[in-house]
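First the structure, in the form of structure tokens, and then the observations on it.
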Amino acid sequence: MSVRGVTRAAVARVRVTLLGWLSSIGAVVDAVAAWWIERVLCSPAYLTASAKVRKIVGSVRDWRVWPVLAGWVRQAAWAVWRVAGPPVRDAAGWVRYRAPGVLWQGVCWLARRAPRWIWRATVYAFVGAWWVLSRTVRWASGHASYAGLVKQMDDDQRHGTAKRLREEWARMAAVRSVLVVIVAVVVALVVAGVADKIGNLTAAGTVFGVFALVGRGVRPRPAGDDDLGLEIVHSGPDEPFPIADAHTRAEAADAVSRALKTEGVDLRLVGEAVRQGWGWEVPVILRRGTPSQVVDKLAALETTLDLPAGGAMASPDRSRRARVVLRLAERDPFTGLQAASAHAVRPLVSRSITDRLQVGSVITGEPLALGLLGVHGVVIGDTGSGKSSTLCTLADAVTDCADAVVWDLDPAGTGLDVLADSIERSERTRAGIEDALADALALAEVRPHLLRDMGMPGREWVPSPEHPAVIVFVDEYPRLSNAAKDMAVDILRIGRKARVSLLLASTEATSDTLGDAIADTTALKILHACRHADVRLVLGPSMLGEGWRPDRLNPASADSPEDAGKAYVYAPHYRDPVLSKFRPVSDEDTANRARDRAPHRPRVDAVSIEAARKRRHSNESGTTAGKGSGRHRAVLALPSPRSGEPAVLDRMAIGDVLAAFGDDERLWTVDLLARLANRHDRYAQWAPEDLADALRPLGLSPAQIRQDGRKPAGLPPPGRQ
Ligand SMILES: Nc1ncnc2c1ncn2[C@@H]1O[C@H](COP(=O)(O)OP(=O)(O)OP(=O)(O)O)[C@@H](O)[C@H]1O
């Protein structure tokens with residue numbers, strides 16, 4: 001067989017053998033895999049175990065505790081930051097603001113001193129070199145040892161000894177000179193070797209330094225030499241400086257301490273300053289006097305600390321008279337406060353008037369959350385201070401409550417028109433406002449008598465979506481008629497339990513505009529930018545000295561919002577004079593929200609309305625009979641042709657009729673009644689003559705019309721006419 005044939009046979013054998021091995025391995029792998037699948041993966045034990053593992057993994061992943069743990073971690077991180085944050089921020093403040101200054105001062109200091117230092121080092125180096133040289137030469141010459149001795153021997157005529165000494169001196173000088181030369185050569189070699197390694201310049205510098213040190217050692221520096229010609233300027237120990245220059249807590253406390261001392265305030269100590277996004281909060285403890293000492297100096301402090309106008313605020317601590325918290329706002333503290341978002345995060349009309357409603361923010365960073373249940377309020381502020389916007393913000397919050405309705409009375413402006421869709425009743429005319437206030441007063445009178453029938457425990461009306469509280473917003477209160485003002489005062493006196501509340505806005509608080517009773521009876525007092533006198537009238541004469549200084553705020557001007565919307569709020573939970581700001585109002589978003597909420601808004605319950613109507617009727621009859629106070633007569637006494645009794649103009653019903661008509665020009669009475677019944681339960685039992693009664697005071701009656709040959713429309717049934 002040829003070589004080729006042998007090779008081919010060997011290759012064929014190897015291939016066959018390899019194929020055999022591969023197929024054997026494949027068979028083994030198949031068998032193992034089949035066994036693994038059948039005996040392990042499909043075994044009940046494996047299936048149970050894997051299901052359990054999956055379940056455990058799933059339950060660990062969905063573990064409800066994760067959010068809790070995450071919350072804990074967040075809280076822990078926050079707690080750590082609360083402790084570590086101030087020093088870290090101090091350090092950051094130092095590095096950012098102080099370090100460059102310190103570095104630059106160092107550079108200047110060096111630059112000022114360097115020439116003198118170089119000159120002095122050179123002198124010292126020469127002195128040192130001269131000293132080494134002269135000492136070496138003197139030592140090598142042996143002059144110090146032999147010169148005196150030889151001279152003495154010569155003087156004593158001991159010439160033999162003198163000669164012997166001279167020979168000794170010459171020998172020693174020769175030996176020492178050789179030694180000096182050897183040492184000099186060795187030193188020169190070492191220096192040259194070192195210079196090779198470290199460079200000539202460095203070696204020369206080192207030699208220079210050594211000689212300078214020697215020179216410095218043998219010729220000490222004259223005392224005070226370094227300070228010659230230098231003038232170190234320190235600010236005096238009590239010199240005030242702008243708060244903007246304080247970058248650490250200690251510096252801020254120091255700035256306040258100096259400023260208050262400059263203003264003549266006697267302090268025991270200045271507490272730890274707290275850095276805020278807008279500036280500093282610094283508590284101070286007075287040694288003597290009253291907190292008004294600090295409050296009265298606020299304007300001066302703004303100059304001393306170089307703050308913007310109104311930037312210094314003081315809140316005396318009610319629990320510790322000596323303690324006053326100073327707030328120094330370098331920037332607007334409410335920069336991030338936005339109008340409420342257009343789209344509700346919560347379900348529509350899901351709040352309750354029993355909750356505290358978030359309407360703004362306090363300078364401390366907390367939300368401003370006011371409770372309005374049974375709370376009467378007054379909003380005082382110069383024109384442009386933001387009263388109407390504040391009323392709107394408050395009304396916006398109330399219209400998100402399922403158990404409170406809003407009435408809007410404004411004799412001069414557009415009131416809460418932006419919320420019109422969610423407002424139950426809006427009045428702009430004198431008669432309308434008086435009628436609404438008479439209704440509110442009647443509700444306040446009758447509701448306490450209905451409590452038992454309505455199954456309400458206790459002595460106060462319990463608001464619910466079926467029996468909502470009534471919040472009456474009155475803008476421009478001073479422009480109300482006297483009758484309306486009298487009714488408003490009556491509501492303030494008796495409305496709390498019936499959950500009929502008034503929120504009044506006025507530009508002034510003088511007794512002829514607002515009335516003395518009002519400031520006393522309102523639990524909620526909102527003071528926008530206003531006069532000094534208004535603060536005294538609304539809060540009492542001592543409160544100015546306690547830090548209530550809305551008179552330091554500025555109303556909006558033509559081109560700047562200034563402090564519009566900012567206010568001092570005196571209310572339950574808000575007894576400290578801290579500045580707050582109400583959320584601004586975005587007309588478009590507010591109107592959209594009001595439109596969305598409208599279908600979900602509650603209405604005053606039919607029971608209360610009917611009882612109030614009856615009360616008004618009886619008041620009115622009493623009044624016409626000369627028994628009542630006569631106060632409401634102008635509002636109520638409208639002639640009723642049907643009964644001969646005065647008819648009450650039911651503005652709410654008329655408003656509902658107009659709303660039920662919508663865009664229709666004509667409507668069958670029966671359809672109108674159906675639509676009214678859909679709007680409110682109170683119309684469920686109304687017959688056509690009730691509708692006719694409601695419209696009669698306006699001189700309206702259903703008209704007879706023919707349409708496409710059909711029967712007359714809008715007439716009550718004949719039997720009832
Ligand atoms: N919370 C706020 N944030 C920002 N700007 C506000 C705020 N409240 C009011 N403003 C602005 O201040 C200006 C005056 O507001 P508003 O009309 O409510 O004041 P007012 O006291 O009712 O004034 P007037 O008595 O003249 O009616 C408006 O331009 C308004 O946009």
Side-chain angles (χ1 to χ4, degrees), residues 278 308 310 329 331-342 357-363 365-370 377-398 406 408-420 423 426 428 433 472-480 502-510 513-514 518 524-531 533-535 538 550-569 571 574 578-591 593-594:
W278 38 261
R331 294 166 284 283
D332 183 356
F334 303 102
T335 308
L337 186 65
Q338 300 289 334
S341 128
L357 305 175
Q358 203 171 313
V359 287
S361 182
V362 184
I363 192 171
E366 293 161 17
L368 175 66
L370 299 177
V378 62
V379 184
I380 304 292
D382 293 340
T383 173
S385 60
K387 299 178 301 296
S388 306
S389 303
T390 295
L391 285 187
C392 194
T393 302
L394 290 168
D396 186 23
V398 176
V406 173
D408 161 30
L409 316 180
D410 186 346
T414 52
L416 305 174
D417 277 356
V418 68
L419 282 163
I423 301 275
S426 282
R428 299 283 174 266
I433 289 171
V472 184
F473 288 78
V474 183
D475 205 350
E476 304 288 355
Y477 175 81
R479 300 181 75 160
L480 294 190
L502 271 187
L503 288 176
L504 311 173
S506 170
T507 40
E508 289 182 7
T510 47
T513 50
L514 194 64
I518 291 186
L524 168 63
K525 292 160 182 151
I526 298 170
L527 290 119
H528 285 293
C530 61
R531 300 170 319 150
D534 296 327
V535 187
V538 175
D551 56 312
R552 304 193 70 238
L553 300 173
N554 297 308
S557 58
D559 53 351
S560 160
E562 299 269 0
D563 295 323
K566 292 182 191 165
Y568 283 77
V569 177
Y574 295 98
V578 286
L579 188 64
S580 302
K581 185 169 182 183
F582 286 82
R583 264 204 305 258
V585 177
S586 148
D587 285 359
E588 196 184 335
D589 292 348
T590 311
R593 267 198 304 280

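Computed from a prediction, not measured in an experiment: that's the story for all the values here. In what follows, every heavy atom counts, from backbone to side chain, and hydrogens, waters and symmetry copies are set aside. Every number for a ligand or one of its atoms is a count from 1 in the order of the listing. By convention here, the first residue in the shown sequence is residue 1.
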Going from OH on Tyr568 to CG on Leu553, what distance comes out if it is rounded to the nearest 0.5 angstrom? 6.0 Å

Return the set of residues passing salt bridge (charged side-chain N to carboxylate O under 4.0 Å, His left out) with [X] (not counting sequence neighbours), or none when no residue passes.
{"X": "Asp551", "result": "Arg549"}
{"X": "Asp396", "result": "Arg593, Arg597"}
{"X": "Lys566", "result": "Asp332, Asp563"}

Give a yes or no on whether the backbone of Ala509 and the side-chain of Asp534 come within a donor-acceptor separation of less than 3.5 Å.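 Pair found, side chain donor or acceptor close to backbone of Ala509.
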
Under 4.0 Å between a Lys/Arg side-chain N and an Asp/Glu carboxylate O for Lys387 and Asp382? no

Contact set, ligand 1, heavy-atom distance under 4.0 Å, ordered by chain/number, equals Asp382, Thr383, Gly384, Ser385, Gly386, Lys387, Ser388, Ser389, Ala556, Ala564, Gly565, Lys581, Phe582, Arg583, Pro584

